[in-house]
Amino acid sequence: MAEVTTRPRVRFAPSPTGYLHVGGARTALFNWLFARRHHGVFILRIEDTDADRSSWDMVAGIVDGLRWLGLDWDEGPDIGGPHAPYFQSQRLDRYRAMADRLVREGHAYYCYCSAEALKERRDASQTTGIAWKYDRRCCELGADQIAELETTGAPRAIRFKVPEGTTYFDDLVHGRIEFDRANLEDFVILRSDRHPTYHLSVVVDDVEMQVTHIVRGDDHISNTPKQVLLYEALGIDLPHFAHVPLILGPDRKRLSKRHGATSVLEYKHLGYLPEAMVNFLALLGWSPGTDLEVFDTAELVEQFSLAGISGGNAVFNPEKLDWFNAQHIARLASGEIARRIEPELRAAGLWNDDVLGSGRSWLLRVIELLKPRARKLTDLVESGRPFFGHAVTYDPDAVATHLGDPGLASHLDALRDRFATMTEFAAPAIEATLRKVAEERGVKAAPLIHATRVAALGRAVSPSLFDVLELLGREKTVQRLGVAARIARGDAAGDRF
RNA sequence: GUCCCCAUCGUCCAGAGGCCCAGGACGCGGCCCUUUCAAGGCCGAAACACGGGUUCGAAUCCCGUUGGGGACGCCA
């Protein structure tokens with residue numbers, strides 16, 4: 001089973017639920033990576049046969065999610081394509097025509113059993129303990145019985161007539177999978193309201209859209225034999241199937257809302273980079289076969305192969321996602337980071353239009369300094385606050401441990417005076433000055449450094465203090481040192497917290 | 001219940017009969033660096049579910065058990 005023939009055509013076919021969840025995102029990603037890797041076509045198709053919910057609004061969440069991840073499609077509802085429309089709800093006539101043809105050719109038949117009657121029989125079989133399967137009642141109807149039912153105008157659905165025997169298909173991730181058709185019932189392909197069921201619509205669309213590889217979730221394995229039967233009845237060669245394992249929550253249950261964030265867009269708002277999300281998702285169930293793990297999207301495209309997909313389900317590991325995010329932030333150019341956090345900085349009232357001009361390089365240097373310790377973009381906004389804002393918010397614990405000693409006040413005053421008068425306010429000189437002041441006053445440098453950090457930023461952790469002060473600038477440093485001295489004395493405590 | 005899929009460290013993966021007393025990564029512990037916190041470097045604890053085969057040899061092949069997951073709709 002050759003994985004790739006010529007130019008593969010794959011599709012991502014979500015139901016319009018309003019948002020793209022993590023599992024769907026990974027399925028879409030695998031399809032996209034495969035298409036891009038082999039210069040094929042990635043199709044976006046909306047499976048909304050069930051509903052009147054076929055508006056573009058309903059798919060907006062999914063589309064936004066895909067766009068955020070950078071997964072672009074070559075054919076789809078918004079851009080059209082040679083097989084438009086890409087909303088199943090707009091293709092109903094095709095499914096009906098196909099269902100009618102299957103009846104005509106003897107592969108399907110009308111079923112007049114009502115939903116209620118079916119339920120009754122199903123429930124009855126439950127008590128006997130025998131697994132329920134449609135009893136084929138309508139398949140065995142005589143011509144006169146059918147004629148009679150037709151005259152009463154009874155609603156009729158169309159069922160596919162499952163032949164005896166065995167059905168198999170060669171799955172690209174699982175190998176050959178066989179099903180005894182005795183376990184398959186005559187499934188409905190067209191409801192009594194003439195709307196298709198999933199089995200019919202996927203097959204019809206995949207055939208018409210010339211999909212060559214069906215890459216979808218594991219949960220579809222048991223649907224596949226029914227679809228294989230449909231392909232065979234239609235006399236059409238099977239596409240390749242690749243069923244990818246599901247993503248599970250920490251409790252090993254299928255990932256769902258109760259596991260927290262499941263919409264990819266939520267991750268955007270939590271400060272994750274799309275390239276990190278893509279990287280993480282790609283390696284959840286797939287491996288390039290090497291020890292490397294951090295890849296940008298282009299590298300992923302280059303290495304992707306369906307053969308590298310593993311067969312078992314994967315548990316979503318948020319800590320590892322965080323790590324990937326940190327790795328990608330560290331690799332991102334500061335200018336790009338600035339561009340991405342601008343909205344957040346603006347929203348937090350921390351954006352100074354200055355940074356578009358003369359302050360630009362200063363902004364980039366601040367980001368450069370903060371970058372290595374950020375796991376999320378939101379960390380950058382948070383840790384950047386004392387740099388961008390004017391007011392300092394003092395962490396009470398930091399103040400208590402590092403500015404709690406009133407004896408510190410005079411040292412801070414001395415340091416402030418020296419900072420105010422030293423010539424070049426740059427990191428090496430700042431460090432030399434501080435150490436000198438400490439030495440002159442007979443105190444260790446460490447406590448003074450810690451106190452100065454709290455003075456400058458209001459918190460006990462930060463990048464190297466001397467770099468921090470240089471970027472903060474002499475003016476703010478001196479001013480904040482003054483405030484800190486008053487806090488140490490106990491004067492200013494009341495209005496600063 | 002029936003059918004199907006899966007089974008290597010807590011988690012994600014590598015391993016396609018000897019290279020494996022099992023390798024990488026996250027997380028965890030320790031050390032180094034150091035003004036704090038990260039980053040980085042080094043070290044460490046941590047797994048082939050179980051039982052039978054096959055074979056000179058099995059994490060790798062076969063069977064069974066157990067465990068986990070999925071599907072059993074006129075949902076997709």
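So you know, we letter chains A, B, ... as the sequences are listed, proteins then strands, and number each from 1.
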Listed partners of A/R373 passing salt bridge (Lys or Arg N to Asp or Glu O under 4.0 Å), at least two apart: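 With neighbours one apart ignored, the set is empty.
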Tell me the interatomic distance from [X], atom [atom1], to [N], atom [atom2], rounded to whole angstroms.
X: A/F280; N: B/rC13; atom1: CZ; atom2: C1'; result: 12 Å
X: A/L370; N: B/rU36; atom1: CG; atom2: P; result: 18 Å
X: A/D193; N: B/rC74; atom1: CG; atom2: P; result: 12 Å
X: A/R11; N: B/rA76; atom1: CZ; atom2: P; result: 14 Å

Contact class for A/P250 vs. all strands (heavy atom < 4.0 Å): base, sugar-phosphate, or nothing?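 Nothing, no heavy atom under 4.0 Å.
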What nucleic acid atoms does A/A460 come within less than 4.0 Å of, heavy atoms only: base, sugar-phosphate, or nothing?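 Counting heavy atoms under 4.0 Å across all strands, the contact made by A/A460 includes a base.
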Across all strands shown, which nucleotide pairs with [N] by Watson-Crick or G-U wobble geometry, both distances under 3.5 Å?
N: B/rC50; result: B/rG64
N: B/rC28; result: B/rG44
N: B/rG23; result: B/rC13
N: B/rA38; result: none

Does a side chain donor of either [X] or [Y] reach within less than 3.5 Å of an acceptor in the other side chain?
X: A/R181; Y: A/T167; value: yes
X: A/Y112; Y: A/E150; value: yes
X: A/N325; Y: A/Y267; value: no

Check the angle between the aromatic planes of A/H450 and A/H402 and answer parallel, tilted or perpendicular using the 30° and 60° thresholds.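 The rings of A/H450 and A/H402 sit tilted, inter-plane angle from 30° to 60°.
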Counting side-chain heavy atoms from C-beta on, which of [options] comes nearest to [X]?
X: A/E319; options: B/rG27, B/rC12, B/rG40; answer: B/rG27
X: A/S287; options: B/rC37, B/rC13, B/rC3; answer: B/rC13
X: A/T197; options: B/rC74, B/rC13, B/rC4; answer: B/rC74

Does the cation-pi check pass for [X] over [Y], that is, NZ or CZ under 6.0 Å from the six-membered ring centre and within 45° of its axis?
X: A/K226; Y: A/F187; result: yes
X: A/R176; Y: A/Y168; result: yes
X: A/R45; Y: A/Y86; result: no
X: A/R159; Y: A/Y134; result: yes

On a whole-Å scale, what distance lies between the [atom1] atoms belonging to [N] and [M]?
N: B/rA58; M: B/rG18; atom1: C1'; answer: 9 Å
N: B/rU66; M: B/rG73; atom1: P; answer: 26 Å
N: B/rC43; M: B/rU8; atom1: P; answer: 27 Å
N: B/rG17; M: B/rU55; atom1: C1'; answer: 9 Å

Nearest-nucleotide wise, let me know which of A/S201 and A/I177 is further upstream toward the 5' end of RNA chain B.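 Its nucleotide being nearer the 5' end, the pick is A/I177.
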For A/F160 and A/L230, which heavy atoms make the closest approach, and how far apart are they?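 Of all heavy-atom pairs spanning A/F160 and A/L230, the closest is CD1-CD1, 3.4 Å.
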Under 4.0 Å from any atom of RNA chain B, heavy atoms only: list the residues of residues 152-166 of chain A that qualify, in numerical order.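 Output list: A/A157, A/R159.
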Write down the protein N/O and nucleotide N/O pairs, taken from nucleotides 7-9 of chain B, whose separation is under 3.5 Å; answer none if there are no such pairs.
none

Check: A/F419 main-chain N/O paired with A/R474 side-chain donor or acceptor under 3.5 Å: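 Such a contact is found between A/R474 side chain and A/F419 backbone.
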For A/R331 and A/Q327, indicate whether the former's side chain and the latter's backbone hold a donor-acceptor pair under 3.5 Å.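 Checked: pair present.
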Please test A/H259 against A/F316 for ring pair (Phe, Tyr, Trp, His ring centres under 6.0 Å), starting from the C-alpha separation and ending with a verdict. CA-CA 10 Å; A/H259 294 112; A/F316 188 88; 9.3 Å; no
One character per nucleotide, please: for nucleotides 17-25 of chain B, 5' to 3', B when the base has a protein heavy atom closer than 4.0 Å, S when only the sugar-phosphate does, - otherwise. -------BB
Its contact letters, B for base, S for sugar-phosphate only and - for none at protein heavy atoms under 4.0 Å, make nucleotides 68-73 of chain B read SSSS-S
I'd like to know if A/S464 reaches the base of B/rU35 with its side chain such that a donor and an acceptor end up less than 3.5 angstrom apart.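 By the distance-only test, yes, there is a pair.
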So does A/S462 reach the base of B/rC37 with its side chain, donor to acceptor, closer than 3.5 Å?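 No pair found.
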Can you pull out every side chain to side chain donor-acceptor pair (under 3.5 Å) where at least one residue sits in residues 454-464 of chain A? Sequence neighbours excluded, please.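 Matches after skipping sequence neighbours: A/R453-A/S462.
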Crowding at CD, A/E164 (>12 non-hydrogen neighbours, <6.0 Å):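 For A/E164, atom CD is not crowded (no more than 12 foreign heavy atoms under 6.0 Å).
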